4 protein chains.
Amino acid sequence: MSGSSRGPNDPGRRDRIIEAALDVIAEHGVRGATQRRIADAAGVPLGSVTYHFEGGQELLVEAFTRLAETVSARYREPLEAAETVEEARAAVVEIICGGSVWGSPRELVLSYELYAFASRNPALLDVIRAWMAASRASLSRHFDARTARALDALVEGLSIHNSMDAEPMSRQDVAAVVRAVSS
Amino acid sequence: MSGSSRGPNDPGRRDRIIEAALDVIAEHGVRGATQRRIADAAGVPLGSVTYHFEGGQELLVEAFTRLAETVSARYREPLEAAETVEEARAAVVEIICGGSVWGSPRELVLSYELYAFASRNPALLDVIRAWMAASRASLSRHFDARTARALDALVEGLSIHNSMDAEPMSRQDVAAVVRAVSS
Amino acid sequence: MSGSSRGPNDPGRRDRIIEAALDVIAEHGVRGATQRRIADAAGVPLGSVTYHFEGGQELLVEAFTRLAETVSARYREPLEAAETVEEARAAVVEIICGGSVWGSPRELVLSYELYAFASRNPALLDVIRAWMAASRASLSRHFDARTARALDALVEGLSIHNSMDAEPMSRQDVAAVVRAVSS
Amino acid sequence: MSGSSRGPNDPGRRDRIIEAALDVIAEHGVRGATQRRIADAAGVPLGSVTYHFEGGQELLVEAFTRLAETVSARYREPLEAAETVEEARAAVVEIICGGSVWGSPRELVLSYELYAFASRNPALLDVIRAWMAASRASLSRHFDARTARALDALVEGLSIHNSMDAEPMSRQDVAAVVRAVSS
DNA sequence: AATGAATGAGATTTCATTCAT
DNA sequence: GATGAATGAAATCTCATTCAT
């Protein structure tokens with residue numbers, strides 16, 4: 001009975017492949033995210049990728065879905081913790097300036113890849129819409145619908161520009177803009 | 001004798017290939033932008049692509065550079081035409097809601113691909129920075145630096161979200177947000 | 001059920017490709033030794049060549065290494081069989097004139113290709129040096145070091161010239177020269 | 001009348017291409033001797049190579065023919081200058097050990113390429129035979145036919161081995177072998 | 001005569017997928 | 001269930017040659 005052949009010997013493997021896929025996409029882009037590279041990054045044999053995922057498309061969809069969920073969760077937390085409008089504004093500033101949501105350039109780069117990829121993939125477009133809806137729902141606990149939407153867009157735009165600018169906008173200026181939009 | 005479009009004399013060919021590359025990227029993504037597809041889209045033989053461009057990377061860089069210049073120009077025009085702050089605000093609203101800058105989903109999709117691609121290509125990062133600087137310069141004719149930056153980010157964020165939302169933010173609401181940020 | 005030569009189980013395939021490579025080099029030169037031709041000669045699909053060898057360079061190096069080992073072994077045998085100096089001289093003459101070492105023009109032609117190729121490949125230069133050292137070691141069982149070296153060079157030079165001359169040097173004359181060098 | 005279009009503007013160009021071809025073969029092998037590389041090495045446009053030579057084969061044949069003539073001439077001179085047998089022996093030793101004939105590894109490497117290439121090119125085989133005949137004729141002024149042939153082979157073999165050995169045979173030893181063969 | 005542009009053929013390489021075990 | 005071997009398709013790249021000027 002030693003070494004049973006029933007059941008997965010490595011239950012976390014599927015997850016590891018998904019995480020590795022995101023790493024590879026961040027480093028090489030969707031274009032360079034070949035199954036072999038993903039397998040290497042995950043430390044599993046190539047056949048394992050084909051075994052766990054029916055084609056490369058499926059793996060990409062799952063990876064991006066996970067990305068959206070992860071980032072979305074990190075977005076929601078500080079907003080749900082806020083109890084006053086003032087705290088909510090501070091949370092928005094933190095999301096834009098702090099490293100808590102877009103922890104590293106990694107997530108932001110991945111989001112560009114996601115947007116590009118989702119343009120041709122309806123399933124992922126739905127994932128993005130759900131993500132956006134969740135973000136706005138969190139904001140709506142503190143702001144009216146239109147302001148929530150505007151703040152959400154502001155987070156998006158400032159995050160992108162800050163990541164590309166030589167010097168990002170100061171936290172103080174971000175706070176001023178957030179206040180202007182939300183009052 | 002009337003200018004055949006083939007043979008040794010086709011001075012616009014290089015340009016046509018670049019335009020075709022953008023079309024193919026918009027339709028199939030950077031991942032699907034193979035040289036053969038680009039050649040077919042441009043109506044030139046495959047060898048012509050490798051003749052005019054030293055490898056696929058160079059072609060992508062040139063194509064994205066052209067994209068940035070084109071979109072940047074379309075962004076600048078309405079702002080430079082504006083003569084009062086009020087007109088400038090209207091121009092910003094038009095850029096976000098109208099079809100003049102992001103004429104079609106095409107340009108927006110291409111910009112996602114560009115952001116993703118530029119993350120791994122310093123030369124293109126510089127192109128993007130120049131684009132952003134030009135946009136802000138146009139805005140700075142009417143607004144102070146911080147506001148210019150904020151509006152630029154707002155354009156980015158709202159454009160993206162509007163393109164993905166089932167129903168985009170109304171022009172009226174956009175105008176309200178623009179006014180809030182710029183006063 | 002009788003061992004099909006295809007499918008996932010063909011352990012000799014790597015070897016067959018190497019042999020085929022030597023055949024193709026002999027017939028078409030290193031210049032004409034394309035992977036497709038080698039694959040055809042080995043009776044395997046093209047993909048199989050790239051699967052077993054990391055690039056064409058590796059295949060060439062392995063093929064030439066095998067050539068050196070094969071020819072070297074054939075060189076050594078008659079010399080190790082010899083028990084007297086007289087028999088050793090006869091063995092040298094046999095190596096030069098008989099078909100035992102340079103069985104066919106094939107091996108000699110291959111050795112030109114090897115020398116040319118090794119000029120730009122340190123690993124193969126080492127293989128050749130080992131080959132030469134082995135040859136001299138065999139000769140040194142019967143002759144002093146300097147004579148061994150001279151005889152080895154003589155074998156080389158006469159083999160080459162005989163293969164290109166319209167009429168090779170007679171066995172009798174070869175024997176005389178060998179005697180002159182080794183006394 | 002300035003810049004007449006009649007007649008070749010650059011009469012030495014054909015020669016320069018041939019020399020460049022030998023340089024490229026020495027550096028990259030016949031396999032790497034592409035017309036583009038040769039054109040670059042000669043400092044002429046690519047079209048010029050096709051213009052002066054009907055196909056790459058012709059260029060290679062001419063280049064190797066020139067090589068044979070050049071090396072052959074350098075071989076002949078010291079032997080024709082010799083007036084006694086003793087001087088002739090010294091000349092042979094000089095050919096093997098000195099840098100006068102195989103001035104650099106370049107010529108020797110080129111000769112491997114030539115031998116390999118000539119195996120599949122009858123015209124070049126004739127060039128090699130003529131070269132060998134000329135060498136022997138020079139030697140025959142001082143030695144009998146059989147000895148001439150043996151010395152010629154010895155030159156070949158020792159040159160090759162010396163070029164590959166970590167340490168070449170000493171001039172003194174070479175002289176002893178030459179004497180042994182030629183007495 | 002001479003050449004740069006152009007192109008088709010083909011060589012190399014990469015890749016997703018299949019399959020036997 | 002899991003995987004290494006294997007392969008065909010296709011993408012990239014190289015090259016000799018052709019052609020209009």
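Note that the coordinates shown come from a computational prediction; the quantities given were computed from them, not determined experimentally. The chains referred to below are lettered A, B, ... by the order of the sequence lines, with proteins before strands, and numbering in each begins at 1.
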[N] [atom2] sits how many Å from [X] [atom1], rounded?
X       : N      : atom1 : atom2 : value
C/Leu46 : F/dA11 : CG    : P     : 16 Å
B/Ile17 : F/dT12 : CD1   : P     : 14 Å
D/Leu59 : F/dC15 : CG    : C1'   : 14 Å
B/Glu54 : F/dC13 : CD    : P     : 10 Å
B/Arg14 : E/dT7  : CZ    : P     : 15 Å
C/Asp40 : F/dG8  : CG    : P     : 12 Å
C/Phe53 : E/dA11 : CZ    : C1'   : 18 Å
A/Ile38 : E/dT17 : CD1   : P     : 12 Å

(message) Quick check: on DNA chain E, is the nucleotide nearest B/Thr50 upstream (toward 5') of the one nearest C/Gly47, or the reverse? Name the residue that is more 5'.
(response) B/Thr50
Under a 3.5 Å cut-off for both contacts, is [N] paired Watson-Crick or G-U wobble with anything, and if yes, with which nucleotide?
N      : value
E/dA1  : none
E/dT13 : F/dA10
E/dT21 : F/dA2

Under 4.0 angstrom between [X] side-chain N/O and [N] OP1 or OP2:
X       : N      : value
B/Ser48 : E/dT7  : yes
D/Arg31 : E/dT12 : yes
C/His52 : F/dA6  : yes

(message) So, applying side-chain contact (heavy atoms from CB on, under 4.5 Å) with B/Leu114, which one of B/Val71, B/Leu22, B/Leu124 is it?
(response) B/Leu124
(request) First locate atom CD of D/Glu113, then atom CD1 of D/Ile25, and finally report the distance between them rounded to the nearest 0.5 Å. (result) 7.0 Å
(request) Would you mind classifying the nucleic acid contact of B/Gln35 as base, sugar-phosphate or nothing, using non-hydrogen atoms under 4.0 angstrom? (result) sugar-phosphate
Look at the side chain of [X] and decide which nucleotide, out of [options], has an atom nearest to it.
X       : options                : answer
B/Tyr51 : E/dG8, E/dT12, E/dA5   : E/dA5
C/Arg36 : E/dG8, E/dA11, F/dA2   : E/dA11
C/Arg13 : F/dT17, F/dA6, F/dT12  : F/dA6
A/Thr34 : E/dT12, E/dA16, F/dT17 : E/dA16

(request) Could you tell me whether a side-chain N or O of C/Arg16 sits under 3.5 Å from a main-chain N or O of C/Gly43, the two making a donor and an acceptor? (result) no
(message) Whether the side chain of A/Arg129 engages the backbone of B/Met164 through a donor-acceptor N/O pair (distance < 3.5 Å, no angle test) should be reported.
(response) yes
(request) State, to 0.1 Å, how close A/Tyr112 and B/Ser119 come at their nearest heavy-atom pair, and which atoms those are. (result) CD1-OG, 3.9 Å
